[in-house]
Amino acid sequence: MKEDLALTVPGDENTPTEKHLAPEFESLLFPPSLSFVASSSSSSSLHEEAETDPREIDPRWRRRRHPNGGQAAGRRRRLRPVQPRLRPRHLLLHQTPLNTFIWNSMIRGLAHGSSPADAVALYNKMLAEGYSPNNYTFPFVLTACANLVDAAATPGLGLAVHGTLLRRGFEDFDPYIQTALVNFYANSGSIDTARHLFDRCRRRDVALWNALIRGYAQSCRFSEAVQVFRRMQDDSDRIRGDEITTLSVVSACAHLGALDLGRWIHSYIGKNQMRLTVNLGTALINMYAKCGEIEAAFSMFDEMPHKDVRTWSVMIGGLAIHGHAREALLLFTEMKTMGVTPDSVTFTGVLSACSHAGLVREGLRILEEMKTIHGVSPTIEHYGCAVDLLGRAGRLEKALELIKGIPMDLDVVLWGNLEMGEMAAKEMLQLDPQNAGALVFLSNAYASVGRWDKVEETRETMKERRIQKPPGSSSVEVGGIVHEFTSGDPSHPEMNQIYAMLDEISRLRSAQEPRHVAGAVSFDMDEEDKEQCLAQHSEKLALAFGLLKTRPGTTVRIIKNLRICEDCHSVMKLASEAFGRTVIVRDRARFHHFRRGSCSCGDYW
DNA sequence: CTAGGGTTAG
């Protein structure tokens, strides 16, 4: 019993462990991989294990888990042996009565782990056992809720936490809780709720702003993310953005293709004497690449003294979307020689480089080497890239063969990438009847060969299944402001001028190619509307607006959410020639640089 | 003794 003193907090000697820790959630505290199984719960058996090497005990445990460090250590010195075979589980169960601090620590540990739901379960247990959560508890458990695999599908857990903290009067208690709340709602797809809470906060520190900015970006509302950043600049609190702010905003610029703003942030970093960290540098490289400035991206990349796997991946992916496949592959090789281990994202970039350039053999070799040499198992995206590569190079048999070899659970999404017409699309629909991509693809395949009856049929199917194609949308940056156009949407205030410009372009066009016929048309319109809808594809509206609003000779940059259609592609070529402009279009898959009537993609995309 | 906000692809 003397020796037990060394292991026990005063007053705790005779307390059975069950009182502190109900058996059903011991498994939460000690997941199998971490758990040290007790050979017996009786203390006598503990002593029988005396042959255990004391070094087995991690000293950090002693320090960490001994609340009365000084006292206990003193007593421990007098007694020997020192906790011979006590393993972490015993330490915790015997020495430490549960209190809010312990609960908090446990919740915190689980919140960032692989199963944040366990953290929430533990929090509920804590309440059920009658322990009071404090101001530390809520950020932990809210972070857990935000980290749930599909936070948007299960917002209930976080809502309940919010309810509890309201009832207990923590709502306006401190900025940590408020930030955690904003972050939770943003992460769960309720960005508007997050905004509402943000607006109600009186003191706003940089983390709170960051949570909101990041939340908008997370919800794909990038221009609002930028707006919030702008408001942060003007706010009377004079909060300076920090590295995290900048990372989020630069990322938003990359998504938006907002080059001017991105450049402004770059100089903001310099002006505020922020250090250009690897992370920031990587974000900027990505931004320049995504805004069409691949040279600027590359020179930044060159100048970075330290690069991590993301830096390399971003640069390789950037080269890929610009169609510079050889350079991307060279960089991939260089990265490996530098001893940087490529990850799954790196391979997405490398494979897409091969795909855009039609490098079939390279691509297949890399897909193979992913597994064999680098030990990265290909995901559906990687297979998708490879199938895409084969499909576009016309190697349909090979593509089918590859698909057949794909592990079963991966193949559902895959068919969308394949230019194999009807067969592939039907196959895809069998796998997933709700797959909008498949139907859109099928219908476009019919449209391209003029089978309008089949297009109609597909359209009916979509109506029946209540599937909608995402609307085409393009944006163009003019004077630092991003203007967004959706297909056929006449709501822009300067629409008359835009239409006039489009008429002008189409006059030029019929002069040049008098017999041009409307070809590929989106499936979801009647045949008589074809001409008009083609004329109103969002990228054409953006082009017209860009030509009107920027100075002659400057570059027009357009970002489109879908792939550019063939008709628009030829209009872009023509406009670049006729107006002496460089037009850069980033579509869903890659960049097209139009100069003097031709495109950098070589019409292969 | 514990706290909130983070960049790549899809």
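By convention in this document, chain letters (A, B, ...) are assigned in the order of the sequence lines, proteins followed by strands, and residues within each chain are numbered from 1. None of the values given here were measured: they were computed from a predicted structure.
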### A:Glu381 (side chain) donor-acceptor with A:Thr348 (main chain) under 3.5 angstrom
no
### Task
Describe the nucleic acid contact of A:Asn286 in one word from base, sugar-phosphate, nothing, applying a heavy-atom distance below 4.0 Å.
sugar-phosphate
### Message
With hydrogens left out and only the distance checked, is there a donor-acceptor pair under 3.5 Å joining A:Asp242's side chain and the base of B:dG5?
### Response
yes
### Message
Taking any heavy-atom pair under 4.0 Å as a contact, classify A:Ser313: base, sugar-phosphate, or nothing.
### Response
base
### Query
From the list B:dA3, B:dA9, B:dG4, which nucleotide is the closest neighbour of the side chain of A:His112?
B:dG4
### Query
Quick one: does A:Arg557's side chain have a donor or acceptor within less than 3.5 Å of a partner on A:Glu477's backbone?
no
### Query
Contact class for A:Val182 vs. all strands (heavy atom < 4.0 Å): base, sugar-phosphate, or nothing?
nothing
### Task
Let me know the distance between CE of A:Met300 and P of B:dT8, rounded to the nearest Å.
15 Å
### Task
Determine the contact category for A:Val345: base if any of its heavy atoms lies under 4.0 Å from a base atom, sugar-phosphate if only primed atoms, P, OP1 or OP2 are that close, otherwise nothing.
base
### Query
Hey, is the side chain of A:Asn279 poking within less than 4.0 Å of OP1 or OP2 on B:dG6, counting only N and O atoms?
no
### Query
In whole Å, what is the span from the CG atom of A:Leu122 to the C1' atom of B:dT2?
14 Å
### Side chain A:Arg586, main chain A:His255, donor-acceptor under 3.5 Å
yes
#### Entry: Whether A:Asp174 side chain and A:Tyr176 backbone form a donor-acceptor pair below 3.5 Å
yes
### Task
Please tell me which of the listed nucleotides, B:dG4, B:dT2, B:dG5, lies nearest to the side chain of A:Pro139?
B:dG4
### Message
Taking atom types as they are modelled, would you say the side chain of A:Asn210 forms a donor-acceptor pair with the base of B:dG4 within the 3.5 Å cutoff?
### Response
no
### Task
Considering only NZ, NE, NH1 and NH2 on the basic side and carboxylate oxygens on the acidic side, decide whether A:Lys307 and A:Glu334 come within less than 4.0 Å.
no
### Message
Between P on B:dA3 and CG on A:Leu208, what's the gap in Å once rounded to a whole number?
### Response
19 Å
### Query
Within the modelled atom types, does a donor on one side and an acceptor on the other bring the side chain of A:Gln178 and the base of B:dG4 under 3.5 Å apart?
no
### Task
Could you tell me the separation between the NE2 atom of A:His255 and the C1' atom of B:dG10, rounded to a whole number of Å?
10 Å
#### Entry: Between C1' of B:dT8 and CZ of A:Phe347, the distance in whole Å
15 Å
### Task
May I have the distance from A:Tyr216 (atom OH) to B:dG5 (atom P), rounded to whole angstrom?
18 Å
### Message
Can you tell me if A:Arg214 touches the phosphate of B:dG6, counting only side-chain N or O atoms and a distance under 4.0 Å to OP1 or OP2?
### Response
yes
### Task
Just call it for A:Thr143: base, sugar-phosphate, or nothing, with non-hydrogen atoms closer than 4.0 Å on any strand.
sugar-phosphate
### Query
When you look at CZ of A:Arg231, are more than 12 heavy atoms from neighbouring residues, nucleotides or ligands closer to it than 6.0 Å?
yes
### Query
For the side chain of A:Asn135, counting heavy atoms from C-beta on, which of B:dA3, B:dG5, B:dG4 is nearest?
B:dA3
### Query
Once you round it to whole Å, what is the distance between C1' of B:dC1 and CE of A:Met106?
15 Å
### Query
Can A:Tyr176 be called stacked on B:dG4 when the rule is centres closer than 5.5 Å and an angle between planes below 30°?
no
### A:Thr348 side chain near B:dT8 phosphate (N/O to OP1/OP2, under 4.0 Å)
no
#### Entry: A:Asn183 CG - B:dG4 P separation (whole Å)
10 Å
